[in-house]
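This report concerns only the one structure given below.
Atoms considered below: every heavy atom in the structure, side chains included; atoms not considered: hydrogens, waters and symmetry mates. The sequence lines fix the lettering, A, B, ..., with proteins before strands; numbering per chain opens at 1.
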Amino acid sequence: MKTYFRNTWLGIYTVLVGMKITFKHLFTPAVTIQYPEVKLKMPDRVRNRLYVNIDDCIGCDQCARACPVSCITIDTVKSIPGEDLGTTSNGKKKALWVTKFDIDIAKCCFCQLCVFPCPTECIYMTDVYEFSEYERERLVYKFSSLTEEEVNQKKLNLEKFQAEKEAQKAAAAAAAAAKPKPDAPAQPSAN
Amino acid sequence: MYQFIYDLTGNVIISTLVTAVFPLVNVLIVALIGVYLERKISAWIQDRVGPNRVGPFGLFQTVADFIKMMQKEDATPTDIDGKLYNLAPVLVFTGCFAAYAAIPFSSQLIGSEVEVGIFFILAVSSFTVAGILMAGWSSNNKYALLGAMRSAAQIVSYEIPTALVVLSMVMLMGTLSLTKISEMQTAYFWNWNILGGATLGLSKFLLIPFMIVGFIIIFISTLAEVNRTPFDIPEAESELVAGYFTEYCGMKWAMFMLAEYGNMFAVSAIVSILFFGGYHSPFGYLGNSLGINWLIPYEQAFWFVAKGWFFILVQMWLRWTLPRLRVDQLMSLCWKYLIPYAVVNLVVIGIISLL
Amino acid sequence: MGLLDKEFSDGNIVIAPVEDLFNWARLSSIWQLGFGLACCAIEMMATSMSHYDFDRFGVIPRNTPRQADAIIISGTVTLKMATRIKRLYEQMPAPKYIISMGSCANCGGPYWEHGYHVLKGIDRVIPVDVYVPGCPPRPEALLEGLLKLQDKIRNESLRKKSA
Amino acid sequence: MKNAEEIFNILKDNFGDAVIALDKDTPTEAVITVDPLKIHLVGEFLRTNEDMMFDSLMCLSGVDDANGKKVKDADGTDIIEGGTLSVYYHLHSVSLKHKITLKVSAPREDAKVESVENVWKCADWHEREAFDLVGIKFLNHPDLRRIMMPYDWEEGSHPLRKDYKNPEFYQGMKVPY
Amino acid sequence: MNYYDIIFYIFALITVISAGFVVTTRNVIYSAFFLLFTFFGVAGIYVLLAADFIAVVQIMVYVGGILILLLFGVMLTNKITNVDIRTGTGHLLPASVAVGILMGAVISIMVYTDWKSQPVETPVTTVKILGSLLLTDYVLVFELLGILLLIALIGAASIARREKE
Amino acid sequence: MSLKTETMVLNMGPQHPSTHGVLRLELKIDGELVLDVKPHLGYLHRCFEKHAEAMQYNQVVPYTDRLDYLAAMGNNWGYALAVEKLMGIQVPERVEYIRVIVAELQRIASHQVALGSNAADIGAFTPFLYLFRDREHILSIFEDTCGARMLYNYIWVGGLSHDIHPDFVKKVKEFVSYYKATIIELDNLLSYNKIFIERTANIGVLPLDTAINFGASGPALRGSGIPFDLRRDDPYSIYDRFDFEIPVGKGLQGQVGDCWDRYYVRVREMEQSLRIIEQAIDHIPEGDVQSAIPKRIKPPKGTVYTRIENPRGELGYFIISDGNTNPFRVKVRAPSFVNLEVLGELCKGHLVADVIAILGSIDIVLGEVDR
């Protein structure tokens, strides 16, 4: 009998206590961020969309190898001696044409592992988080600044250069003992 | 209301129809505003802002919901019992709608002054039960069936404490008519039943605690009858997905929602009629003091609607505060707590009223 | 019921204002079928919570596909799960929309290479309207995806059946 | 508190040949190798003996040792032939606070290990997982079905084996990227 | 024919037709739901007879209580919905004979009774009269019924509480 | 008189509002009474262990995040500890302190979700939102520190990916003082609410010996009344320096080991975590957080099993190294996986609604159960 009345009392009392709390909250200002109108300032270390400053990229492929997801694909073509590719912003000399620098942002797991090994700090994570798309294909970001023709041109150049070199070598070999030939341009690829 | 329109048009059918349209409009408005308010209040309680992008302050949110629901495809599951499936929402809605016939919105604005008003409302609410069972059974879905069973059991059992409290009030007032019950608690809040009724004397003060107990009981049990949290187990989303209307979509589902909100208003109205003076103003009438007699019914309607909404707000407030009970606890609350208290309350009120 | 069960025929009627109204209603009340699968589900929940408040856009979670307008596939879809998703999608009444949230739902995400049990992209099973990238996307990103979906609905026509 | 050597000696005294070896070479933990068909007896002893009281099985892991020779089968795919599959048991005593690691190895082609499900209840799902992903059969297990993979997944294919090849399709869905 | 007649016929039709369906339909659930409409029709007729209290009680007790209980029973016994109740044709003949005799008796009474059709003033409220009658003239019957119901309740509870063997 | 009743099989999930993800429960019910529960897992089997074998040691860390996505810090830490133990790396003092602080913050955040979803399953929606609201504070601290809200990839083998943010200490202190007051509100709103107590007390009682035999750990084990906490009983890192209590289930509202006890243990654990943070936050030594990170992670041949106290219980990593840059085998002893096993035992004889309360009180994360 005692527990019966106690239960009744507790039932009513705790409900009232709860109601008091929620009533208080009825008049607390909302914490909501009114998103499209108000946007939070992102912290400086925030990890969102990857960006590649292709001007600084030397095509070293370290980011692609660091990526656990293999969402970065880099193709490079060796430059021939006459070409000047310029230097990166921190003074490194570029030696490779980056013919392809694709990041499939749909696969990316935003772990930032690719950012650390980059010697020129050209790949980094931005604070852009709004990049939804209607088509899946548009989530593959192509960063290479070279057009298709230019890529073909570079490849052709290299081939021509190598052919010439070969010819020279052949000539040299004919003259003297042959040395091991340089290999075809490295074609590292993550997948 | 009926008389007024009958005088105006002189035609039984037209005046009946017009009278019938009024509660329909009321149900629609209650649902539209109710859903909006529910979302807003839950938002405020939870430190959010709630819908605010559709129209000013999100006012058109429910309108948009409604229009969207109208254009949804009427997808029906394959293995359902078509006839009952289609009939169920209508029946549920009828149960809710019929109750409005006897609710006095003001001394003039009343569908039908039936002598057995309060009993009538209790009775027609059983149509809702049948409709719910129908919906649950015909959906051919285990969740729906379980939800319907729970719901029916719940409504049937909670009718008993409701009826007991109503009985004690009927005993006290000596009438079943809602109009008369309202009329007897004359204007000014100290005459309300919750404060012992209009007749002055010892019994008035003796009654007050028992009236409060009665009010709590009937409030809890009507809350259960309209399946609101903490008694929303028929549609307990974490257990039964959406209870008896799991398989319903589009307008048919909207009818269940309309009925739910309509019922919320109906039970709030009953509570306010029984304990809070019905359509009476708590402070006397502006019409009286200004000498404008035609104003009084409008004032009464205002107060009535205001009281109804107040209790709806309390229901929402409770909903966003409390967890829900389990199905057996719900039953034991009804049979072990509410009914004994209600019976004792009934006896005590009977004794006091004999004094 | 369901006003749009019959398609409007081309020509005869000028239905532009009706269309606008209907599209407006549809885009303002996208009820989502809560489809939390993995990590993204937590961010999806966070989006409905106080700080981001999905409800502002008229989005409320419904638990039954019958009453939902959109699914937000949030998380890794495994082969075991894919058939269920398809079934739930089929149970939804038209018009229905799908937001693919997060890398995993977009294309398998981090699991695309060695994931022997991961479906590589939900679009292999059901048509997707908006892809929200991120792992998991910030709640704002999901909101932006929703706004994109609203844009898409705004330009829909009643004449051809949607989605 | 007993260290691995003491435990090994006690086990050796009690079980003789069933307890095969103590491997102390690993830098972090000593592993006692046990006969796969006697492991439930050893487990029961370890759990109930008053000096041991290993009442909790922390972890049970099935491992493909990949120590057989790599060959090409008829289709030209690499498979591993011979060698062993192993199960590691990490035990812990809540009351005595000591730990021990047991290991059993069974031949790859027909890996059979006694179940310890009725010694430690929690072995149930761990063993199902080891069966599902590595393909070790646990004798006397009450309910040895797949647990992670779908029940209708290709018979006899166990994804965590080192030579596992993914099927092309599952129920009409393309599996590889 | 005024409005009330029309309404009366509507209710009568509802009652008769749904009663017919209750008997003839093969699905138990359907019968139960048709019973709902029968009760509803009967209640309507009560209202037209100015017995509003009885009408309300009819709905409350039969629809709200008995019918729901019935439905519960039917739904809880899982398989019954799929089993057609046998409406055996073999017993059609004796049944129709019995019904025919009964119908004849009723119709003959209807025809041969000397019906007095004079307007009777309907009481304003039946509730009060009912109440006082129940507690004065028919108090014994009332109490007896109360005891009977109590016994039924206790019996049901004791059966329900018995441990399963 | 005996009534023959038929049992019904109710499928809960894989997509069900309260299975905390994609768990399928096959309930055999008699009316509302649960006779048997059969969980079916694997709807989120993301092949972590296969991935770990294909990755280099440091590349596995982002995948560990995705195991128990509510407590990613703990997962990173457990993995890092295992590899560190294998390689014999001693991490700097500063790293240890930061790890303890973020792990305790993560514990609070994880418990908030656990408690919130437990409450939401029982029907109390508002506490759920309050808890998530407070969780945002922690997430914002983490985001400042490492740039991600949920999956951090913060604790690396031998160190941390970033040093703490300059505002870190201030923000954490603010949070600690704010949250101490907020827990009281949670208690009043939910923990002592009569309906909540009715729903959880005496439900799903887990006796101590069953709990140990089933290998339960974390709050599920402590709720049964044994103060077993790896931070105290098998100390790792620098937990032996801090003074904190281990809350255990005492059966305040019912029997020891019921749902309410497990719930309450979590609430009190949040308080203890705040206590640890308070002790640690002022004593973070100066130093470099990345000095001990090896250039190339190539542990010697061998096996290692380490375990840490994650919010859900004992998280163990079993790593076999064959001396290569990739791990040979990584097996995760996921606390939820083991704790979930006990569900069938707990649910027998309860009602359908209780299954949800019990499941909520066990607190599983499917990413970890299925891996």
Side-chain angles (χ1 to χ4, degrees), chain B residues 38-39 41-50 136 140-154 220 223-224 227-243 246 316-334 336-337, chain F residues 8-13 15-20 25 27 29 31-34 116-134 136 182 185 188-203 259 263 350-360:
Chain B
E38 174 111 81
R39 288 167 83 166
I41 282 183
S42 71
W44 289 332
I45 281 182
Q46 296 159 350
D47 294 350
R48 300 186 283 132
V49 286
N140 193 22
N141 177 318
K142 284 170 189 165
Y143 290 122
L145 186 62
L146 272 180
M149 297 292 215
R150 284 178 174 194
S151 184
Q154 174 180 336
I220 294 175
L223 208 59
N227 297 339
R228 297 285 298 179
T229 313
F231 309 104
D232 66 339
I233 49 160
E235 50 204 87
E237 49 198 21
S238 56
E239 299 150 33
L240 295 183
V241 186
T246 302
M316 289 174 180
W317 177 15
L318 269 172
R319 168 166 183 182
W320 296 105
T321 304
L322 297 179
R324 77 172 66 83
L325 283 164
R326 205 174 52 209
V327 63
D328 62 323
Q329 287 163 352
L330 182 100
M331 288 299 159
S332 71
L333 172 69
C334 177
K336 287 195 190 151
Y337 289 88
Chain F
M8 176 157 105
V9 174
L10 188 71
N11 246 322
M12 223 183 219
Q15 215 295 304
H16 186 277
S18 66
T19 49
H20 294 232
L25 297 177
L27 305 180
I29 54 176
E32 293 248 354
L33 200 71
V34 177
S117 41
N118 194 357
D121 288 349
I122 287 171
F125 220 73
T126 304
F128 186 36
L129 275 94
Y130 288 170
L131 285 158
F132 259 76
R133 180 197 63 200
D134 299 332
E136 288 289 326
T182 317
E185 194 184 87
N188 283 333
L189 182 56
L190 188 65
S191 312
Y192 302 130
N193 184 294
K194 186 72 186 156
I195 299 177
F196 184 75
I197 291 172
E198 284 292 318
R199 282 298 304 275
T200 48
N202 291 324
I203 301 297
C259 287
Y263 163 88
H350 285 301
L351 301 180
V352 178
D354 292 333
V355 174
I356 283 140
I358 292 168
L359 192 65

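For chain F, the nearby part of B:Gln329 is the side chain; its heavy atoms alone come within less than 4.5 Å. Only the side chain of F:Ile203 has a heavy atom closer than 4.5 Å to any heavy atom of chain B.
Within the 4.5 Å cutoff, side-chain heavy atoms of B:Leu322 are placed close to those of F:Asn193.
When all heavy atoms of F:Arg199 and B:Arg326 are compared, the pair lying nearest together is CD-N, 3.4 Å. Nearest heavy-atom pair across F:Tyr130 and B:Gln46 is CE2-CA, 3.9 Å.
Exactly one residue among F:Leu190, F:Thr126, F:Ile197 makes a side chain to side chain contact (heavy atoms under 4.5 Å, CB included) with B:Pro323. That residue is F:Leu190.
Separating the CG atom in F:Asp354 from the CG atom in B:Asp328 is a distance of 7.0 Å, to the nearest 0.5 Å.
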